[in-house]
Each structure stands twice: as C-alpha cells, then as structure tokens.
Undergrad: 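To start, I am sharing the structure in question, which I have written as structure tokens.
Remember, it's a predicted structure, so these values are computed and weren't measured experimentally.
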Amino acid sequence: MPFSPGDQMLLHTDGVTETRDRAGVFFPLPDRVRRRGAARPRELLDDLHADLLRHGGGLDDDGAALAVRRRPHAPAAAR
C-alpha cells in the first residue's frame, strides 16, 4: 500500500475498536477519524483518547494507538 508524503496512518489494537458504550454499541472508529480530517498525529491521539473515554465511560480493555504521518518532500534547496 502506498504511503505518500503527507499521508497519515493510524495503527491500533482491538481494545480501541471493541470499546462499547452502556448500550453495547462498539466505538465508531472510522467515523471519528474521518471527522478529524487532517489533525496532526498528537492531536488525533489526544482526541481519540477523549472520545474513547466519553463513549465507554472508561476503558475496560487495554488499548493502544499510534499515529504516523509521512513528512512532505523537503524543498530541493533543503536536501
């Protein structure tokens, strides 16, 4: 899968996607990430953590997430 300059990838464990609310509804990770748009990796992770806590009222399972963004190409003069 191509990972081009400016692209961002979110890696996560199943503890993120299996977080449920009191009604048993799973956390809607794809929807939440799409709404964030081009948030920087740190902002994305901070927002994701807050969303998970709000959705589940706490975290019952271990969860981990890593957001990585490939830097855009440097200008020719900076290479």
Side-chain angles (χ1 to χ4, degrees):
M1 171 177 279
F3 191 56
S4 301
D7 285 352
Q8 183 163 283
M9 180 178 357
L10 177 66
L11 307 167
H12 59 84
T13 63
D14 65 344
V16 173
T17 55
E18 293 179 355
T19 297
R20 296 177 190 229
D21 65 11
R22 292 178 193 239
V25 176
F26 286 109
F27 180 73
L29 181 63
D31 295 336
R32 300 286 172 93
V33 171
R34 271 194 284 288
R35 277 194 243 154
R36 296 282 177 259
R40 291 181 172 191
R42 177 79 261 163
E43 294 166 354
L44 174 63
L45 293 172
D46 289 343
D47 290 346
L48 176 60
H49 184 247
D51 282 351
L52 284 166
L53 291 174
R54 277 191 298 273
H55 182 80
L59 300 175
D60 295 330
D61 191 2
D62 60 327
L66 172 68
V68 180
R69 178 179 287 170
R70 184 170 174 191
R71 291 183 180 179
H73 290 297
R79 291 184 198 166

Undergrad: Just grab all the side-chain hydrogen bond (donor to acceptor under 3.5 Å, both in side chains) pairs involving residues 1-10, residues at least two apart or on different chains.
TA: Q8-R69
Undergrad: Are any of the side-chain heavy atoms of D46 and R42 separated by less than 4.5 Å?
TA: yes
Undergrad: Provide the closest heavy-atom pair for A65 versus L48 in the form atom of the first, atom of the second, distance.
TA: CB-CD2, 4.0 Å
Undergrad: Check whether any side-chain heavy atom of V16 lies under 4.5 Å from a side-chain heavy atom of L52, and answer yes or no.
TA: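 Touching, per the 4.5 Å side-chain cut-off.
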Undergrad: After noting the C-alpha distance and the side-chain angles of D31 and R35, does the key distance pass the salt bridge (charged side-chain N to carboxylate O under 4.0 Å, His left out) rule?
TA: CA-CA 6 Å; D31 295 336; R35 277 194 243 154; 5.6 Å; no
Undergrad: Looking at F3, is its backbone amide N or carbonyl O close enough to the side chain of R70 to form a donor-acceptor pair, meaning the two atoms are under 3.5 Å apart?
TA: yes
Undergrad: Are L66 and L10 packed together at the side-chain level, in the sense that at least one heavy-atom pair is separated by less than 4.5 angstrom?
TA: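 Heavy-atom side-chain distance check fails, nothing below 4.5 Å.
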Undergrad: Would a distance-only check, ignoring hydrogens and angles, find a side-chain to backbone donor-acceptor pair under 3.5 Å from E18 to G15?
TA: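 It does not hold such a pair.
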Undergrad: For residues L29 and L53: do they belong to one hydrophobic cluster (side chain heavy atoms under 4.5 Å, members Ile, Leu, Val, Met, Phe, Trp, Tyr)?
TA: yes
Undergrad: Under the 3.5 angstrom rule, does the side chain of H55 hit a backbone N or O of V25 as a donor-acceptor pair?
TA: yes
Undergrad: Looking at R32, R36, H49, which hits side chain to side chain contact (heavy atoms under 4.5 Å, CB included) with L44?
TA: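 By the side chain to side chain contact (heavy atoms under 4.5 Å, CB included) criterion, L44 pairs with just one of R32, R36, H49: R36.
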Undergrad: Between D21 and F27, is there a side-chain heavy-atom distance shorter than 4.5 Å?
TA: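 F27 vs D21: side chains apart.
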Undergrad: I'd like to know if R54 pairs up with D47 as an ion pair, taking the criterion as any Lys NZ or Arg NE/NH1/NH2 lying under 4.0 Å from an Asp or Glu carboxylate oxygen.
TA: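 No salt bridge links R54 with D47.
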Undergrad: Can you name the nearest heavy-atom pair linking P72 to P5, along with the distance?
TA: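 Looking at all heavy atoms of both residues, the closest pair is CA-CB, 3.7 Å.
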